[in-house]
Amino acid sequence: MQESIPEALVNALRAARKVAVLTGAGVSAESGVPTFREAQTGLWAQYDPQELATPSAFRRNPRLVWEWYAWRRELVTQAQPNPGHFALAAMEQLVPEFTLITQNVDGLHARAGNQNMVELHGNILRIKCSADGRLVTDWPPTEEVPPRCPQCGSYLRPDVVWFGENLPYEALATAVSAARACDVFLAVGTSAIVQPAASLPLEALQAGAVTVEINPQTTPLSRHVAFVLAGPAGEFLPRLVETTWPGTAATGPAEIFT
Ligand code: BJW
């Protein structure tokens, strides 16, 4: 039997002035973008993060890292937002103050229509100089991999946050403020183990928010939240929106903008 949406959660969402949502790779899984840590399908099942997603990996083998990200960039470009993304875009229109905090680098939330959004781990579609972090949109055609910064000649790299690197200061500050100020906090599709993002739901909980997790698997967060919706985001997010604000369910772009 399909798990129902608890009435107390619906009431909390209807009454909420401020809602914050933290998303992770699970939200994009139904768009065909692989997650990181799932046993069979996650990226880390096939690739070693130490070899690919750290500054020292890039120093050791810049070509391998550049090519891995180029492959993933292509995958993300082909992917389309799914009903979970569209439900979050609809939610932004229905809540007085809504902040979407994403760990995802795929840009699918923006493509679904979310506007008040922070990207904690950067965006795979942007490229920056590995020396000074300045964004670079154009560089002369070259056979060299990775290509080099047209300003200083250093290697270019994806504008994502690797292990051991600091998160973008403003994005993290906005996320922490939103977590501390919200009435309802949803953690969706994240294993809730990568810091500092994993602390955000606990910040919200400590500040008195109603906390919710949407994930088919149990995570370290599960035992702390008020509500667990144990299933896929692409199913539970549209149902949550439709149950809370009947007649507004959005599963595609046309439904949001009409
Ligand atoms: C579904 C679903 C469906 C499936 N619907 N759900 C404190 C203690 C210990 C360590 C640290 C600490 N503070 C910092 C650290 C070190 C480190 C860290 O946290 N390590 C942990 C592994 C322990 N953190 C950092 O280094 C961060 N920097 C930092 O803190 O700087 C200051 C500092 C530095 C050094 C020391 C101390 C302080 C930076 C973290 C950067 C993370 N970067 C990555 C790669 C980004 C670029 C790229 O894409 O390649 O970000 S790693 C990867 O993990 C990616 C993700 O954003 C992130 C989180 O993963 P996520 O999204 O949760 O995905 P999964 O795969 O883990 O989970 C998917 C979930 O979806 C699962 O639960 C499924 O069940 C679920 N699911 N289908 C709903 N349909």
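Whatever order the structure lists them in is the order used to number ligands and atoms, beginning at 1. Side chains are part of it too, since the values below use all heavy atoms of this structure and drop only hydrogens, waters and symmetry mates. Note that the structure is predicted; figures quoted are calculated from it, not measured. Residues: numbered from 1 along the sequence shown.
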Residue selection (non-hydrogen contact nearest [atom]) among [options]:
atom: atom 2 (C) of ligand 1; options: Gly234, Pro196, Gly26; answer: Gly26
atom: atom 31 (O) of ligand 1; options: Gln217, Glu165, Glu119; answer: Glu165
atom: atom 60 (O) of ligand 1; options: Arg37, Gln103, Glu235; answer: Arg37

What is the closest protein heavy atom to [atom], and at what distance does it sit?
atom: atom 46 (C) of ligand 1; answer: Val161 O, 3.4 Å
atom: atom 17 (C) of ligand 1; answer: Phe163 CD2, 3.8 Å
atom: atom 7 (C) of ligand 1; answer: Gln195 CG, 3.6 Å
atom: atom 56 (C) of ligand 1; answer: Phe36 CE1, 3.5 Å
atom: atom 73 (O) of ligand 1; answer: Asn215 ND2, 2.9 Å
atom: atom 40 (C) of ligand 1; answer: Val194 CG1, 3.7 Å
atom: atom 4 (C) of ligand 1; answer: Glu38 OE1, 3.3 Å
atom: atom 62 (O) of ligand 1; answer: Ala25 N, 2.8 Å

Just let me know how [X] lines up against ligand 1, side chain, backbone, both or neither, with a heavy-atom cut-off below 4.0 Å.
X: Tyr69; answer: side chain
X: Thr190; answer: both
X: Ala29; answer: side chain
X: Val105; answer: side chain
X: Ile193; answer: backbone

Gly164 touching ligand 1 at heavy-atom level, < 4.0 angstrom: yes

contact_flag Leu167 ligand 1 heavy-atom lt 4.0 Å: yes

Could you check whether [Y] and [X], counting side-chain N and O atoms only, form a donor-acceptor pair closer than 3.5 Å?
X: Thr190; Y: Gln103; answer: yes
X: Glu170; Y: Thr174; answer: no
X: His85; Y: Thr23; answer: no
X: Thr35; Y: Glu38; answer: yes

Within 45° cone of Trp68 ring axis and under 6.0 Å: Arg72 NZ or CZ: yes

Looking at [atom], is any protein heavy atom nearer than 4.0 Å to it?
atom: atom 36 (C) of ligand 1; result: no
atom: atom 9 (C) of ligand 1; result: no
atom: atom 70 (C) of ligand 1; result: yes
atom: atom 12 (C) of ligand 1; result: yes
atom: atom 33 (C) of ligand 1; result: no
atom: atom 23 (C) of ligand 1; result: yes

Side chain to side chain contact (heavy atoms under 4.5 Å, CB included) between Leu108 and Ser31, worked out: CA-CA 9 Å; Leu108 288 174; Ser31 294; 4.0 Å; yes

Side-chain heavy-atom pair Ile5, Phe236 within 4.5 angstrom cut-off: yes

Check: His121 and Trp162 side chains under 4.5 Å, non-hydrogen atoms: no

Aromatic ring pairing Phe36/Trp44, orientation class (parallel under 30°, perpendicular over 60°, tilted between): tilted

Remaining members of the apolar cluster that contains Phe185, side-chain heavy atoms under 4.5 Å: Leu22, Ile101, Val118, Leu120, Val161, Leu167, Leu172, Val176, Leu200

Any residue meeting ring-ring contact (aromatic ring centres under 6.0 Å, His included) with Phe227, in chain and number order, not counting sequence neighbours: none

Arg126 bridged to Glu119 by N-O distance under 4.0 Å: yes

Check against side chain to side chain contact (heavy atoms under 4.5 Å, CB included), Leu13 and Val241: CA-CA 9 Å; Leu13 263 179; Val241 172; over 6 Å; no

Worked verdict on Tyr69 versus Arg157 for side chain to side chain contact (heavy atoms under 4.5 Å, CB included): CA-CA 9 Å; Tyr69 277 95; Arg157 57 161 280 184; over 6 Å; no

Numbered atoms and elements of ligand 1 in range of Arg72, under 4.0 angstrom, heavy atoms: 48 (C), 49 (O), 50 (O)

Proximal ligand 1 atoms for Glu30, defined as those under 4.0 Å from one of its heavy atoms: 3 (C), 5 (N), 80 (N)

